[in-house]
Structure formats: structure tokens, C-alpha cells
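First listed ligand is number 1; within each ligand, the first listed atom is number 1. The figures here come from the full heavy-atom set of this structure, side chains too, leaving out hydrogens, waters and symmetry mates.
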Amino acid sequence: MKKVGIVMGSDSDLPVIQKAVDILRELEVPYEVHIYSAHRTPEEAKSFAASAREKGFGVMIAAAGMAAHLAGAVAANTTLPVIGIPCKGPVFDGMDALLSTVQMPSGIPVASVAVNGGANAALLAAQILAVEDSALAAKLDAKRAADAAKVLAKDRDIAASL
Ligand code: RP5
């Protein structure tokens with residue numbers, strides 16, 4: 001199976017990335033995690049993206065906050081699909097990172113998930129890999145069904161308690 005390449009701009013983004021890692025582990029999808037910043041370590045970020053396809057990655061996840069250029073910088077250096085996670089910052093509640101991540105120029109796409117959307121980033125990455133992997137697709141179907149069953153159990157509980 002192809003790997004998911006995960007990069008975050010700072011170790012302060014780790015709680016968001018942890019949510020993605022938890023999902024990938026649950027689905028038994030291989031991944032590799034790095035801290036590379038578009039601003040502080042631009043050469044390493046570029047090199048990781050540029051070499052990703054030949055190193056066996058199939059999709060990239062990039063998480064950053066504030067002036068969040070990391071997903072765009074990764075996307076500029078690979079034609080693998082790139083999923084951006086805007087991370088909530090201390091001043092603008094993630095709106096700064098959301099706009100920095102999602103407002104990419106035509107020709108260099110980034111698929112942005114919600115602010116702090118680590119879980120959905122991992123699920124989307126797995127869904128991309130599952131296009132060519134029926135076993136992974138079956139795991140995703142089973143997870144959807146299990147998640148729906150949890151919601152329906154809550155519905156039964158609340159109906160009984162109110
Ligand atoms: C961004 O700046 C990082 O992705 C992080 O979300 C934010 C703050 O970084 P630190 O100052 O906590 O290292 O580049």
C-alpha cells in the first residue's frame with residue numbers, strides 16, 4: 001500500500017496531527033510524520049514533497065497554523081494529492097490558516113479540511129488510497145457503519161432519557 005506523508009509546520013500542531021495518526025493506525029494505513037516548516041525549514045519541506053512519489057507516498061497531509069503556507073508549498077512541489085489542515089492559532093481562531101490553506105491559485109490544488117480537522121484529513125487520505133485498494137475500502141465502509149451505529153445508539157439513549 002502507498003504511504004501517507006504527513007508534515008506539520010511546528011510541534012505545536014501535534015494535537016491536530018495526532019487525530020490523523022489515530023485514524024490511520026486504526027485503518028492500518030502506513031504513514032510517515034515530519035516537522036517541516038514552509039518558512040523555517042523551506043528546503044526540507046520542498047525536498048520531502050519533491051521526492052514523495054518516488055519514496056512510495058500516495059497522498060500528502062500538511063498541517064499548519066497562522067500564515068499557513070505549508071500545504072501550498074508541498075503542493076507546489078508534487079503532483080500527489082495534498083490535503084491541507086488549517087490549525088487554530090492564538091489570534092484569529094484559525095480563520096487566518098483556513099484562508100491561507102484554501103485560497104490556492106489555479107493550477108496548484110490543495111484539498112482543505114476544516115480548521116483542526118485531523119480526523120477528516122486522515123479519512124480523506126485513506127479514501128484516496130482506497131480507490132485502488134478494495135481491502136482498505138472495505139475497512140472504510142465498516143468504519144462508516146460502526147460510526148453510524150454509535151450515533152443511533154445515542155439516539156435511542158436520548159429518546160429514552162428525555
Ligand atoms: C505555523 O505557525 C505552525 O504550523 C504553527 O501552527 C504556528 C505556530 O508555530 P510555533 O510558534 O508554535 O512553532 O508555522
> How about K46: does its NZ atom have over 12 heavy atoms from other parts shown lying under 6.0 Å from it?
Replying inline: no
> Are the charged groups of D147 and K150 less than 4.0 angstrom apart, N to O?
Replying inline: yes
>> As an exercise, state the distance from CG of D141 to NZ of K143, rounded to the nearest 0.5 Å.
In response: 12.5 Å
> At what distance is the nearest protein heavy atom to atom 11 (O) of ligand 1, and which residue and atom is it?
Replying inline: R40 NH2, 3.2 Å
> Looking at atom 12 (O) of ligand 1, what's its closest protein heavy atom, distance included?
Replying inline: S12 OG, 2.7 Å
> Taking non-hydrogen atoms only, is A64 closer than 4.0 angstrom to ligand 1 via side chain, backbone, both or neither?
Replying inline: both
> Where is the nearest protein heavy atom to atom 14 (O) of ligand 1: which residue, which atom, and how far?
Replying inline: G65 O, 4.1 Å
>> With a sphere of 6.0 Å drawn around CD1 of I158, does it hold more than 12 non-hydrogen atoms of other residues, nucleotides or ligands?
In response: no
> If you count the atoms of ligand 1 from 1 in the order shown, which ones are under 4.0 Å from a heavy atom of S10?
Replying inline: 3 (C), 4 (O), 5 (C), 9 (O), 10 (P), 12 (O), 13 (O)
>> Regarding ligand 1, does M66 bring an N or O atom to under 3.5 Å of one of the ligand's N or O atoms?
In response: no
> Mind checking whether S37 has an N or O less than 3.5 Å away from an N or O of ligand 1?
Replying inline: no
>> Looking at every non-hydrogen atom in both residues, tell me the closest pair between V115 and C87 and how far apart they are.
In response: CG1-C, 4.4 Å
> Are more than 12 heavy atoms from other residues, nucleotides or ligands located less than 6.0 Å from atom NZ of K88?
Replying inline: no
>> Give me the residue, atom name and distance of the protein heavy atom closest to atom 6 (O) of ligand 1.
In response: D13 OD1, 2.6 Å
>> Please work out, at 4.0 Å between heavy atoms, whether the side chain, the backbone, both, or neither of H39 comes within that distance of ligand 1.
In response: neither
> Taking all atoms of both residues into account, what is the closest heavy-atom pair of L70 and A63, and its distance?
Replying inline: CD2-O, 3.6 Å
